[in-house]
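Just follow the structure's listing: the first ligand is 1, and inside any ligand the first atom is 1. Sequence positions, counted from 1, serve as the residue numbers for this chain. Because only heavy atoms are used, hydrogens play no part in the values below, and waters and symmetry mates are left out as well, while side chains stay in.
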Amino acid sequence: MARTLWLDDDQRLHTWDQTRLPFETVAIELADSQDCARAIVTMQVRGAPLIGAVAAYGLAFALRSDASDQGLQAAHSRLLATRPTAVNLRWALERVVRLVSSLHESDRAAAAWHEAGAICDEDVACNAAIGRHAAALLQPLVTGERALQVLTHCNAGRIATVDHGTALAPIYALHEAGVPVHVWVDETRPRNQGASLTAWELRERGVAHTVIVDNAGGLLMRQRRVDAVIVGCDRVAANGDVANKIGTYLKALAAHDNGLPFYVACPISTIDPLCAHGELIEIEERSAREVTHLLGRDEQGGLREVQVTPDHSPAANPAFDVTPARLVSALVTERGVIPARSDAIAKLLGGGAA
Ligand code: MRU
């Protein structure tokens with residue numbers, strides 16, 4: 001199956017427009033740096049690893065028209081400002097900047113383009129490894145005839161990455177290995193990444209799933225209808241606190257109260273060693289319109305936005321929350337499974353085996 005971000009035979013960059021899924025599967029071309037930045041801002045591309053990969057290409061495009069130091073800095077700042085919370089954006093941009101800074105201006109654009117491709121290839125390999133490690137954690141939870149019951153929040157699937165996904169990677173690995181698995185999909189208001197994207201991609205792959213409203217998870221956990229929770233992340237602080245889509249924290253609390261494992265699928269590129277703890281993570285505040293209005297398909301098949309709140313009621317829209325490390329059972333990285341603790345994270349980032 002195609003990657004989420006791909007080059008065609010003429011080296012033109014394409015991705016899916018995620019604002020139109022699940023109703024329309026539309027590929028869009030990202031033809032220059034502005035297209036890359038706009039796609040991130042409008043959330044045509046979203047999900048921490050995919051944002052990082054698109055930003056890296058955005059920088060490479062920019063260097064084609066201005067490869068001077070000033071041009072590099074300006075493009076870096078423009079792309080960095082597109083979204084604040086997912087650290088993969090900064091990680092990918094800095095990786096490209098580090099590489100090209102020492103090069104002659106005439107070599108910068110090609111080197112950056114190549115590096116963006118390397119970031120994509122590495123993302124695919126990392127996520128496959130996360131899938132293997134997390135599958136090994138989840139498989140022992142299968143009991144008797146019952147399918148493994150996993151709850152996830154938001155979309156940390158293949159559409160949020162270049163391929164495989166992070167939190168969904170073990171689901172695909174288990175499904176492909178013939179292990180019966182069923183996913184409880186939190187709808188994930190306000191933008192419904194669970195209901196629209198996670199459900200879409202699980203259905204595409206033939207994985208059993210059920211979409212639930214965001215508040216249903218606690219009940220299902222109390223009823224022992226959930227074996228484990230696994231989510232992705234946008235930034236993990238050096239002490240193991242985890243920023244992820246708004247509502248994640250409540251799922252972690254409910255999992256803790258019910259003695260259920262709460263796993264965070266976490267590529268090393270999502271760990272921010274410069275951020276001591278979660279309180280320091282900038283939480284993106286998005287448009288109130290995402291709360292007051294809902295987008296969906298009408299009976300004629302057209303996409304329609306409807307208002308769900310009274311006229312003039314104010315709405316607030318923090319897009320992420322922080323789950324304290326003490327509620328995280330483990331971080332599942334491409335190098336293995338580690339506790340969400342500063343010593344384990346420091347060792348991992350230092351190159352130590354998990
Ligand atoms: O606002 P979004 O849709 O970009 O938020 C995405 C999430 O919160 C994901 O869980 C996270 O980026 C991990 S994606 C592998």
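Taking Tyr57 as the reference, Trp113 meet the ring-ring contact (aromatic ring centres under 6.0 Å, His included) condition, with sequence neighbours excluded.
Here Leu274 sits alone; no ILVMFWY side chain lies under 4.5 Å from its own, so it joins no hydrophobic cluster. Cluster partners of Leu197 are Trp6, Trp16, Leu21, Ile159, Trp200, counting Ile, Leu, Val, Met, Phe, Trp and Tyr whose side-chain heavy atoms approach within less than 4.5 Å, directly or via other members.
For the pair Arg189 and His293, the tightest heavy-atom approach, listed with the atom from each and the gap, is NH1-O, 3.9 Å. In terms of heavy-atom proximity, Ala86 sits nearest to Ala48 at CB-CB, 3.7 Å.
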What are the polar N/O contacts of ligand 1 with the protein below 3.5 Å, with distances?
unit_1	atom_1	unit_2	atom_2	d
ligand 1	1 (O)	Arg83	NH1	3.4
ligand 1	1 (O)	Arg83	NH2	2.8
ligand 1	1 (O)	Lys245	NZ	2.7
ligand 1	3 (O)	Arg46	NE	2.6
ligand 1	3 (O)	Arg46	NH2	3.3
ligand 1	3 (O)	Gln193	NE2	2.9
ligand 1	4 (O)	Gly47	N	3.0
ligand 1	4 (O)	Arg83	NH1	2.8
ligand 1	8 (O)	Asp234	OD1	2.8
ligand 1	8 (O)	Asn244	OD1	3.1
ligand 1	8 (O)	Lys245	N	3.3
ligand 1	10 (O)	Asn244	OD1	2.6
ligand 1	12 (O)	Ala48	N	2.9
ligand 1	12 (O)	Asp234	OD1	3.3
ligand 1	12 (O)	Asp234	OD2	2.9

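Relative to the ring axis of Phe320, Lys245 places its NZ or CZ within 45° and under 6.0 Å from the centre.
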